[in-house]
Amino acid sequence: MTQHQPLTPAPYVWTAPPLGEATSAHPRFYTDPEVFKAEIAHIHLKHWFFAGRVEEVANPGDFKALETVGGPAALVRGQDGVLRAFANICRHRNSILLEGKGCAHSIVCPYHGWSYELDGTLAGAPGMREVPEFEKPPHGLLPIRMETWDGAIFLNFDDAAPPLSEHLGDLPELLGSHRFGDMRVTWQIEIETRCNWKLLLENAMESYHTGIVHAATVGAQKSMSFPTRGEWHCIQVQAGSSIAVLDGDPPFPPIAGLSEQSRKGTYFTLIEPTTQFACAQDTIWWLAVRPVAVDRSVLSVGGCFPRPYTELPDFEERAAPYYQRWEAVALEDVGILEKQQRALGSVMARPGPLSWRDDMVLAINRWVLSRLPAEVAATLT
Ligand code: FES
């Protein structure tokens, strides 16, 4: 295995143009439906995105239906114990098959009753015996590429994309001591927002706004930035104890065996293009964004704790302040971002100078711009 330098933080990481000359992106980056269309085709349908945790579909027959940027999908654990991802679409005339979460012996279409095994094979197609040359095997559920890292499930609509491990680069090295694989998801919500997907993620990767937007909750924060290898970015908000709760001592102790760097604060990561894991000393929570339209996105927030914590008799009572904090802070962010989206639509909106504390905003802008076709990127400069 290749040895790499340990990730060390810096006040900010920056690439050209020099600090002092960098500006925020063109307002149309966030408002132009043509840019959004290009982002869907060239970014979202070509990169890994977060779809949930393996413990949500732990047992044979367990399923979870979810909306994705590529349409309805389903995670299904087969009778053979193998977890698979499918397009959640019937092969007859494209009805949705599964809704929500549950456990099933087979998948039956609610429209005309075609049925599928949990491995996606078409099992029954009423009335189709009379159809000349109809055969079941070519009409199984369509698989979606899936990989997992430490219990986190990622999907990718591009079969030619590099493997998840390559995408994650050195992220597992930095987050390894949190042992995400030994955690359990215990809470999740979805928030519908009226803003562009990039605004949610840019905001989640800078601490510049925290003293203003979150004055009533988490307050002003200081962060350090990490140069990374792979398709991800990282900052760490410096704080000696968990910032995943608002007041007093955190209800849970620090995770056993955390690295020295991990004990210094909370990592906020962005796995491009839409997945954030926030890793405090006692918990990991995610922010995952699903782009819906150029000015609409769905923000999913979920919280995970080490499994032994979740088995404590007073776990729910202890975990409640974390859930309250995550939801309150997310709603504060959504509030300011919807204001930003409204203003970006003005004919008077224009790029403004960036602060050194906007280093990750610039990094995210550059990552997206570099993946758009040249003719689209050229309209944004
Ligand atoms: Fe599913 Fe007809 S659409 S059986």
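Counting starts at 1 for both ligands and their atoms, in listed order.
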Please check if the number of heavy atoms outside Y12 that lie under 6.0 Å from its OH is greater than 12. no
Nearest-0.5 Å distance that lies between atom CZ in R229 and atom CG in L174: 12.0 Å
Looking at K198 and E39, does any basic side-chain N land under 4.0 Å from a carboxylate oxygen? yes
Is the side chain of S24 donor-acceptor paired with the backbone N or O of G352 at a distance under 3.5 Å, no angle test? yes
Inside 2.8 Å of atom 1 (Fe) of ligand 1 but strictly below it, how many protein N/O/S atoms are present? 2
Any Lys/Arg nitrogen of E34 or K37 sitting under 4.0 Å from an Asp/Glu carboxylate oxygen of the other? yes
Just verifying a value: how many Å separate N94 CG and C109 SG, rounded to the nearest 0.5 Å? 9.5 Å
